[in-house]
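The next block holds one structure in the form of structure tokens; read it before the comments.
Values in this document were obtained by computation on a predicted structure and should not be read as measured data.
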Amino acid sequence: QVQLVESGGGLVQTGGSLRLSCAASGRAFSTNTMAWFRQAPGKEREFVAGVSWTGWPNIYYANSVKGRFTISRDNAKNTVLLQMSSLKPEDTAVYYCAADLINSGIVVRAAEYTNWGQGTQVTVSS
């Protein structure tokens, strides 16, 4: 089992920045990819960004956040950060961390991910 815990969510103004963290424990040693998804009220859960330890490319972003968000590895292999800058109201959502223990590369389909965190709320005010 892999346990995921997100942190760092909060309320920020438009144009502000926020950093999210995702820490994996348990069978974290078997994790190939960790990714961020988000879900706004009334919308489907969508892929935001992912980082892979075993595939190429190592990093992949959704077009909606490209150039504004940066995913990176923390000091530990199975801990990732999501640095969010130039935030917009449309970025408001619950952000979830997910782990993929099967695929070697980064996939954008939520169904491919085995383990999920509980989510952290990000609210961008205008």
Side-chain angles (χ1 to χ4, degrees):
Q1 296 182 346
V2 176
Q3 292 80 43
L4 303 175
V5 179
E6 305 98 334
S7 62
L11 174 64
V12 298
Q13 296 181 346
T14 298
S17 299
L18 202 62
R19 186 180 70 176
L20 305 183
S21 298
C22 177
S25 61
R27 292 187 61 193
F29 62 89
S30 63
T31 300
N32 296 325
T33 297
M34 292 179 67
W36 288 97
F37 288 77
R38 66 185 182 186
Q39 187 167 21
K43 296 184 178 180
E44 295 291 316
R45 189 167 299 185
E46 65 173 348
F47 176 86
V48 176
V51 58
S52 175
W53 283 263
T54 58
W56 186 264
N58 300 112
I59 296 175
Y60 185 73
Y61 297 97
N63 289 333
S64 59
V65 305
K66 193 175 300 180
R68 299 188 299 117
F69 291 9
T70 301
I71 188 170
S72 63
R73 303 176 185 177
D74 207 339
N75 292 330
K77 176 183 178 180
N78 292 305
T79 300
V80 298
L81 306 174
L82 184 67
Q83 178 65 49
M84 305 184 295
S85 300
S86 301
L87 285 164
K88 308 173 182 179
E90 51 263 43
D91 294 319
T92 296
V94 176
Y95 283 70
Y96 297 91
C97 182
D100 181 357
L101 282 66
I102 300 174
N103 299 291
S104 61
I106 302 171
V107 297
V108 301
R109 298 179 298 276
E112 297 289 339
Y113 290 81
T114 306
N115 300 85
W116 294 83
Q118 293 299 309
T120 184
Q121 176 70 49
V122 172
T123 302
V124 184
S125 62
S126 60

Cluster overlap Leu87 with Leu11, hydrophobic side-chain contacts below 4.5 Å: no
Val2 to Ala99 - nearest heavy-atom pair and separation: CG1-CB, 4.4 Å
Side-chain (Ser86) to main-chain (Gly15) donor-acceptor, under 3.5 angstrom: no
Non-hydrogen side-chain atoms of Thr92 and Gln121 separated by less than 4.5 Å: yes
Trp116/Phe37 aromatic ring centres below 6.0 Å: yes
For the student: nearest non-hydrogen atoms of Ala35 and Tyr113, plus distance: CB-OH, 3.5 Å
Check: Asn32 side chain, Asn103 main-chain N or O, donor-acceptor pair, under 3.5 Å: yes
Partners meeting side chain to side chain contact (heavy atoms under 4.5 Å, CB included) with Val51 (sequence neighbours left out): Trp53, Ile59, Ile71, Arg73, Val80
Within-4.5 Å side-chain heavy-atom neighbours: Ser85 and Phe69: no
Heavy-atom closest pair, residues Ser104 and Thr54: O-OG1, 2.7 Å
CD (Glu90) with more than 12 external heavy atoms under 6.0 Å: yes
CG on Leu101 to CG on Asn115, rounded to 0.5 Å: 6.0 Å
Shared-cluster residues of Trp56, by chain and number - hydrophobic side chains joined below 4.5 Å: none
Gap separating the CG atom of Asn58 from the OG1 atom of Thr33, nearest 0.5 angstrom: 9.5 Å
same_hphob_cluster(Ile106, Trp36) at 4.5 Å side-chain heavy-atom cutoff: no
Pairs meeting criterion salt bridge (charged side-chain N to carboxylate O under 4.0 Å, His left out) with involvement of residues 51-60, two or more places apart: none
Qualifying ring pair (Phe, Tyr, Trp, His ring centres under 6.0 Å) pairs, either residue in residues 86-110, two or more places apart: none
Single-linkage hydrophobic cluster, 4.5 Å side-chain cutoff, Val65 and Leu18 together: yes
Donor-acceptor under 3.5 Å (Gln118 side chain, Glu6 main chain): no
Ser64: side chain to side chain contact (heavy atoms under 4.5 Å, CB included) partners, not counting sequence neighbours: Arg38, Ala62
Check: Met84 and Leu20 side chains under 4.5 Å, non-hydrogen atoms: yes
Same apolar cluster (I L V M F W Y, side chains within < 4.5 Å links), Leu81/Met34: no
Minimum-distance pair of heavy atoms, taken over all atoms of Leu82 and Ala49: CD1-CB, 4.2 Å
Partners meeting salt bridge (Lys or Arg N to Asp or Glu O under 4.0 Å) with Arg68 (sequence neighbours left out): Asp91
Residue of the set Glu46, Glu44, Arg45 for which side-chain hydrogen bond (donor to acceptor under 3.5 Å, both in side chains) holds with Gln39: Arg45
Verify same cluster id: Val122, Val94 (apolar side-chain graph, 4.5 Å): no
Heavy-atom closest pair, residues Ser52 and Pro57: CB-O, 4.3 Å
Heavy-atom side-chain proximity of Val107 to Phe47 below 4.5 angstrom: no
Close side-chain approach of Val12 to Ser17, heavy-atom, < 4.5 Å: no
